[in-house]
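Protein chains get the first letters and strands the later ones, always in sequence-line order, with residue 1 at the start of each.
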2 protein chains.
Amino acid sequence: MGDVARIAGVSPSTVSLYLRRPDEVSEQRGQRIRAAVDRLGYLPNTMAGGLASSRSRIIGVLVPTISNSFFAATLDTLEKRLREAGYQLLIGNTEFDEAREEELVRSMMSWSPAGLVMTGFRHGRRTVSMLLDSDIPLVEMWDYGQPALDMVAGFSHYATGQLIARHLLERGYRDTAFISPRFSRDVRAGERYRGFREGIEQGRGRVTMRELSGATDTAEAGTLLSELMAERPSISAVFCANDMVALGVMFECQRRGWEIPERLAVAGFGNLEFTPNTVPPLTTVEPPKYEIGQQVAELLLARLGKSGEAEAHQVDLGVHLITREST
Amino acid sequence: MGDVARIAGVSPSTVSLYLRRPDEVSEQRGQRIRAAVDRLGYLPNTMAGGLASSRSRIIGVLVPTISNSFFAATLDTLEKRLREAGYQLLIGNTEFDEAREEELVRSMMSWSPAGLVMTGFRHGRRTVSMLLDSDIPLVEMWDYGQPALDMVAGFSHYATGQLIARHLLERGYRDTAFISPRFSRDVRAGERYRGFREGIEQGRGRVTMRELSGATDTAEAGTLLSELMAERPSISAVFCANDMVALGVMFECQRRGWEIPERLAVAGFGNLEFTPNTVPPLTTVEPPKYEIGQQVAELLLARLGKSGEAEAHQVDLGVHLITREST
DNA sequence: TTGAAAGCGCTAACAT
DNA sequence: ATGTTAGCGCTTTCAA
């Protein structure tokens, strides 16, 4: 930057000012500075800037795993939106592990990030106290309805479960099942189950639940379905914790010649790209996966703008039931 | 850090040394420092450290979109592996846009990253010269066989296309089709097409190609298939640019009552989670999506270790043909 | 093994 | 609108 200043014939602080707020520098010098920057291919040193101003243009984001298509979609819009505003994403996988989450929060904090984004409400005790001690804007995403540390953008998985329960009851299904990845690998699937079970039971129905041995696995979903139907042939509808599980269930039905929805109704969660196109088209619930990214960015940017107002914002983005022929 | 030093009764530079290389500090002072760190909940300021040492523990990663499941899988292992080594990932979406890529490279460079990871070999002219001017270790991933800027971890999409061509020819399919997302949205699908077409034509076969209007869309894939088969009913096999497209094609066959592989053989690319489980199970090619992440990390860490040796490493991780009943 | 001193490249008062 | 001055919180010689 010194070089740029020398070549442009101005002082370093003028260059710095020009780079940050160009309109506070005279047109004439602005041009000279721009020319010098181009000539030297000057790139500012972000770390020096961050150190001097004691704030950075970094947003730390923690997700269980990047490769979960829901979070990946959210990250996509979040990155886009924040990049437009001049921020960059430091991403970490917690792998469903509170210790790793704590370690990640610690290392993100050491960057003095402008903001932090975390998935869900479950955090370790020490993580929570680090978060509360700092005054870094925080958004918890992909959930709603439980006590939050700061801002929230998500929806209620409990209500989602209830929504499907109501739908199945309306269509006359009472003897139902729920097939899910292991709850320890997907806490929010557990919440959907709770809502679903309570909804069905309030309607005098019954729910049989099966957890896969780990994360989503279409083959294992098919196996579990077969076992379930052998044990309890009266089951007439199954709510799958996500559309991938539902796909596995539908493949199994196809192999066994079980008509959907006549022999067995199937519902999912996610409205993935292929979901409208299955045979028959799958009834599902659409989560606001892109909107969450958008909303998280907006909450953060709003807070970063007017630094004073410490208004805690919590946004429930809701879900949509998409009724198709599988129920 | 001054506070820590005061409480521990040592100098700041001893604290700094202890934090970086604990075994060069006496056990006694080490203990005192550790106690002080705990008591104060001290978190080092990474930016100050980075500025002083003029290097950071950041690896910049550029992908077309995070939400592509192939890249997401790679990012997952890459993040895990690099986090274990004490690095963090700064992730950017290029959105298939060279201008955005350039802008991202520029802002990543301003962090003095320890390394950079990019997807594929196509970069803008100015991006290339920035990359070459800097001496930041660079890995280009997810492709192989073209001139690279530095290190490479990937596989040949051209060879992948040829592999499937050979397989289909062996099974007696000569009149074939290729259905793909728009090549401008997936350059590597275009490479697979090139390999496939040349392979089939060398075997005296024929390929009819159809591009979707944008990214992967199972519904549109079905529509394209119908049109294709109406125009040219003699087609007996279709190679889909990825397994999602193949899923759309299979749904369409199911709706129309076309037996797979009797009426139409189907092959895909990706070996996604559901692929072994379709009806019938789908023949596909398995790309080393996790291995790429692993290998990128290893190349980077090797280079970061022995800083002197500027050995350019290029790794072809290859693919596996997985033959199932759909062909 | 430890400490003192200098400085990494910028920003932020402040004075002009 | 521009320049001067003093740090930001560390790491890194270098000397002890």
Presence of B:S26 side-chain N/O under 4.0 Å of C:dT2 phosphate oxygens OP1/OP2: yes
B:R122 and B:D143 ion-paired at < 4.0 Å: no
Salt bridge present between B:R83 and A:E95 (N-O < 4.0 angstrom): yes
Side chains of B:S13 and B:S16, donor plus acceptor under 3.5 Å: no
A:E140 side chain to A:H123 side chain, donor-acceptor N/O pair below 3.5 angstrom: yes
Length of the line joining [X]:[atom1] and [N]:[atom2], which is rounded to integer Å:
{"X": "B:W111", "N": "C:dG9", "atom1": "CH2", "atom2": "P", "result": "16 Å"}
{"X": "B:L43", "N": "D:dC8", "atom1": "CG", "atom2": "P", "result": "19 Å"}
{"X": "B:N45", "N": "D:dG7", "atom1": "CG", "atom2": "C1'", "result": "14 Å"}
{"X": "A:R55", "N": "D:dG9", "atom1": "CZ", "atom2": "C1'", "result": "17 Å"}

Interface residues of residues 1-25 of chain A with DNA chain C (non-hydrogen, below 4.0 angstrom): A:M1, A:S13, A:S16, A:R20
Which residue lies more 5' along DNA chain C, comparing B:R29 with B:L51 via nearest heavy atoms: B:R29
Trace of the salt bridge (Lys or Arg N to Asp or Glu O under 4.0 Å) decision for A:R126 with A:E103: CA-CA 10 Å; A:R126 310 187 43 160; A:E103 182 200 318; over 6 Å; no
Parallel, tilted or perpendicular: ring planes of B:F71 versus B:W142, cut at 30 and 60 degrees: perpendicular
